[in-house]
S.K.: 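Attaching a single structure in structure tokens format; questions to follow.
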Amino acid sequence: MLTRRRLIVSALATPFIATAAAAEDPLKVRELYQAKGRGLSDLAQASAGKRLTVEGFMAPPLKAESRFFVLTKMPMAVCPFCETEAEWPNDIVAVYTKRIVDVTPFNVKIVTSGVLELGAYKDPETGFLSMMRLTDASYG
């Protein structure tokens, strides 16, 4: 039986359920880049400064006990290290974590959440150049 109380609780809970369902569907790395060319997608540009959840694979870290790794759209046995902005591949995202990275096997899909930053940034410790990164990130 639908009572007034159940109707109100149901109406109030609906936005939270929709938000939780949306949060369960992480973005794919490819959605952050233009389908053709090397540019960033409209979604990426509109999401700069916002917390995003992105799924992918952890490339092997550049150094031990790092707070940084590269998220790739497909498993990679070696890190796709880039030296110039022109060479930045359109299928990776740099991820800067809150804690030292526990390495995940390169062929196991993970979900990462962090604040999207855009533009050239050279990591002072590794020299890794990124055009897009998630900061203050967590993963699992």
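This structure is a prediction, so every number in the text was calculated from the model and none was measured.
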S.K.: Provide the closest heavy-atom pair for A44 versus L118 in the form atom of the first, atom of the second, distance.
M.R.: O-CD1, 3.6 Å
S.K.: Where do F57 and V108 land on the side chain to side chain contact (heavy atoms under 4.5 Å, CB included) test, with the steps shown first?
M.R.: CA-CA 6 Å; F57 299 89; V108 175; 5.7 Å; no
S.K.: From L71 CG over to M76 CE, what is the distance, rounded to the nearest 0.5 angstrom?
M.R.: 11.5 Å
S.K.: Tell me the closest heavy-atom pair linking T112 and A137, and the distance in Å.
M.R.: CG2-CB, 4.2 Å
S.K.: Okay, side chain of S41, backbone of E31: is any donor-acceptor separation there less than 3.5 Å?
M.R.: yes
S.K.: T97 side chain to R67 main-chain N or O, any donor-acceptor pair under 3.5 Å?
M.R.: yes
S.K.: Enter the distance from T135:OG1 to Y121:OH here, rounded to the nearest 0.5 Å.
M.R.: 10.0 Å
S.K.: Applying salt bridge (charged side-chain N to carboxylate O under 4.0 Å, His left out), can you list everything that pairs with D102, at least two apart in sequence or on another chain?
M.R.: R99
S.K.: Would you mind reporting whether L40 and Y33 have side-chain heavy atoms less than 4.5 Å apart?
M.R.: yes
S.K.: In chain order, what residues pass the side-chain contact (heavy atoms from CB on, under 4.5 Å) check against S138, with sequence neighbours excluded?
M.R.: S113
S.K.: Who passes side-chain contact (heavy atoms from CB on, under 4.5 Å) against E125, sequence neighbours left out?
M.R.: K63, D123
S.K.: Could you tell me whether R30 atom CZ has more than 12 heavy atoms of other residues or ligands within 6.0 Å of it?
M.R.: no
S.K.: For G114 and L134, which heavy atoms make the closest approach, and how far apart are they?
M.R.: O-CD2, 3.5 Å
S.K.: List the atom of F68, the atom of S66, and the distance in Å for their closest heavy-atom pair.
M.R.: N-OG, 3.0 Å
S.K.: Are any side-chain N or O atoms of R133 and backbone N or O atoms of V70, one a donor and one an acceptor, separated by less than 3.5 Å?
M.R.: no
S.K.: What pair of heavy atoms forms the shortest contact from M58 to V103, and how long is it?
M.R.: SD-CA, 3.9 Å
S.K.: Could you measure the distance from the CG atom of L52 to the OG atom of S47? Nearest 0.5 Å is fine.
M.R.: 4.5 Å
